[in-house]
Amino acid sequence: MENIIRIAVQKSGRLSEESLKLIKECGIKFYNGTGKLKSTSTNFPIEFLFLRDDDIPGYVADGVADLGIVGENEVVEKNKSIDVLKKLGFSKCRLSLAIPKGENYTGMNYFEGKSIATSYPKILGDYLESQKIKAEIHEISGSVEIAPSIGLAEGICDIVSSGSTLMMNGLKEVEEIFQSEAVLICHKGISNLKQQTVEKLLFRMDAVQKGKKNKYVLLNAPNDSLDRIVSLIPGMRSPTILPLAEQGWSSVHSVISEDQFWENIEELRAAGAQGILVVPIEKMVI
Ligand code: ATP
Ligand code: MG
């Protein structure tokens, strides 16, 4: 029982779907009915707490939850004593300064003496200080984009992904001050037994992440070009080579990163590779 860990995930929002998907891809089963705030896995020693994302760093710092999945923006803003175990590669966004479209932007000194509305007073405050700019920070908890048009502030600092919300509110992005993605955070000083469960979860998450970055490649090649082809797709240890029914030809199977595949495709074809198949990998343990 002492090895059961508790993980806090966002109840409903931009992190929720991908967080739960990652956990499912790790082979962990659980019931996630609407409105449920707590759930237990049926096949892994883990419990889930479904919370607002703002509360997750605090719960993990206090040890109410052992782990949490939350945006780096909330981790840095809340400034709690926790460990970041892993970047998770989803919910990527940036925190930017924006001002009304018609304004002439002159650089960071534009903000000197001005007021800026934000839900991220700490990140913004630290950034202004690093730039030696004195501005008034107006903290509001939501709908930040509306602040300039209602006369609440002269600029805003908020999360941007495509920029369409800014545009709809007559604003333009002028400085990017922070980049964020979802991370796995951990309570400092969890017990050894719980640590073992955390290690198991990390091992599975690594396997899922590596699988996503890599592809399984199968191709046919004339035997006299095998050396060249093997050097282009060396794989995990080395590729598998199987003879085709047709004399003088082989089938080559290997694993490569997707980027590497696109870089090498022309050379593979030039070396005589044909019938190239690229197949997704679900999990990868090296
Ligand atoms: P809650 O009700 O849980 O407090 P919220 O409204 O504060 O939710 P969301 O909008 O669901 O938060 O965003 C959660 C996190 O997702 C943000 O803190 C940020 O890390 C990330 N995020 C926000 N907007 C985007 C976006 N447009 N694209 C990708 N990731 C985003
Ligand atoms: Mg929130």
Side-chain angles (χ1 to χ4, degrees), residues 1-93 95 118-123 139-144 158-159 161 165 180-209:
M1 279 298 149
E2 296 88 34
N3 67 339
I4 297 180
I5 53 171
R6 228 187 224 178
I7 186 166
V9 293
Q10 191 187 21
K11 182 168 159 41
S12 81
R14 291 178 194 269
L15 292 157
S16 311
E17 197 182 318
E18 291 274 358
S19 304
L20 297 181
K21 186 166 146 243
L22 173 62
I23 289 162
K24 285 187 184 138
E25 284 168 339
C26 289
I28 296 172
K29 296 203 168 90
F30 59 94
Y31 175 70
N32 172 35
T34 40
K36 232 177 160 218
L37 300 180
K38 212 170 149 227
S39 178
T40 306
S41 169
T42 50
N43 66 348
F44 194 84
I46 194 164
E47 271 177 14
F48 300 89
L49 295 182
F50 301 106
L51 303 169
R52 285 201 58 189
D53 71 337
D54 314 55
D55 297 331
I56 292 176
Y59 276 78
V60 172
D62 296 345
V64 173
D66 305 297
L67 295 176
I69 296 180
V70 70
E72 282 172 303
N73 51 322
E74 287 299 334
V75 172
V76 175
E77 182 59 35
K78 295 296 184 297
N79 197 22
K80 301 278 184 188
S81 171
I82 45 111
D83 289 328
V84 174
L85 298 186
K86 197 171 185 41
K87 289 192 185 236
L88 299 175
F90 58 83
S91 296
K92 288 191 176 170
C93 58
L95 209 56
T118 190
S119 310
Y120 296 92
K122 170 163 168 53
I123 296 178
E139 183 178 353
I140 49 179
S141 60
S143 305
V144 174
D158 202 11
I159 289 177
S161 58
T165 313
S180 178
E181 67 182 83
V183 286
L184 181 71
I185 58 172
C186 186
H187 178 64
K188 275 187 186 291
I190 61 169
S191 71
N192 281 342
L193 275 172
K194 284 185 175 183
Q195 182 63 32
Q196 287 171 20
T197 311
V198 171
E199 301 289 337
K200 275 190 199 155
L201 180 66
L202 281 175
F203 178 82
R204 293 188 186 196
M205 285 185 174
D206 273 341
V208 171
Q209 283 187 327

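All figures in this text were calculated on a predicted structure; none of them were measured in a lab.
No more than 12 heavy atoms of other residues, nucleotides or ligands shown are found within 6.0 angstrom of CD on E17.
One distance of note links CD1 of I28 with CG of L201; it measures 5.0 Å at 0.5 Å rounding. Taking OG of S41 as the reference point, atom CD1 of I23 lies at 9.5 Å (rounded to 0.5 Å). With rounding to the nearest 0.5 Å, the separation of CG in L20 from CZ in F48 is 7.5 Å. Note that the CG atom of L15 and the CD atom of E74 stand 9.0 Å from one another [nearest 0.5 Å]. Summarising the geometry, atom CD1 belonging to I185 is positioned 4.0 Å from atom CD1 belonging to I82; distances are rounded to the nearest 0.5 Å. Residue L202 holds its CG atom at 12.5 Å from NZ of K200, rounded to the nearest 0.5 Å.
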Exercise. Determine, step by step, whether T118 and I123 satisfy the side chain to side chain contact (heavy atoms under 4.5 Å, CB included) criterion, reporting the C-alpha distance in whole Å, the side-chain angles of both residues, the deciding distance to 0.1 Å, and the verdict.
Key: CA-CA 10 Å; T118 190; I123 296 178; over 6 Å; no
Quiz item: Going through the checks in order, is the side chain to side chain contact (heavy atoms under 4.5 Å, CB included) test met by V144 and S119?
Solution: CA-CA 7 Å; V144 174; S119 310; 3.5 Å; yes
Self-check item: Pair M205-L22, side chain to side chain contact (heavy atoms under 4.5 Å, CB included): steps then yes or no
Solution: CA-CA 7 Å; M205 285 185 174; L22 173 62; 3.8 Å; yes
Self-check item: side chain to side chain contact (heavy atoms under 4.5 Å, CB included) between L51 and K11, intermediate numbers included
Solution: CA-CA 5 Å; L51 303 169; K11 182 168 159 41; 5.8 Å; no
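In terms of heavy-atom proximity, E181 sits nearest to K87 at OE2-CB, 3.4 Å. What you find for L88 and V183 is that their closest heavy atoms are CD1-C, 3.7 Å. Residues K36 and S39 approach most closely at NZ-CA, 4.2 Å, considering heavy atoms. Taking every heavy atom of both residues into account, I69 and I56 meet most closely at O-CD1, 3.6 Å. Across all non-hydrogen atoms, the minimal contact from I4 to K194 is O-CE, 3.4 Å. Residues E2 and S191 approach most closely at O-OG, 4.3 Å, considering heavy atoms.
At distances below 3.5 Å, not a single donor-acceptor pair connects side-chain atoms of E47 with backbone N or O atoms of R6. Proximity of a side-chain donor or acceptor of S180 to a complementary backbone N or O of C93 within less than 3.5 Å is not detected. Of the possible polar contacts, one joining the N43 side chain to the K29 backbone as a donor-acceptor pair under 3.5 Å is found.
Under a 4.0 Å N-O distance rule, the pair D83/K188 qualifies as a salt bridge. Taking 4.0 Å as the cut-off between side-chain N and carboxylate O, R14 and D53 do not count as a salt-bridged pair.
A heavy-atom distance below 4.5 Å is not found between the side chains of V76 and Y120. A heavy-atom distance below 4.5 Å is not found between the side chains of Y31 and T40. The side-chain heavy atoms of L67 and L85, taken from C-beta on, include a pair separated by under 4.5 Å. Considering only heavy atoms from C-beta on, D54 comes within 4.5 Å of K78 through its side chain. Counting heavy atoms from C-beta on, the side chains of F30 and K24 come closer than 4.5 Å. Contact of the V9 side chain with the F50 side chain is registered, since non-hydrogen atoms from C-beta on lie closer than 4.5 Å. The shortest distance between side-chain heavy atoms of D66 and T197 does not fall below 4.5 Å.
Among the candidates K86, E25, R204, the single residue satisfying the side-chain hydrogen bond (donor to acceptor under 3.5 Å, both in side chains) test with Q209 is K86.
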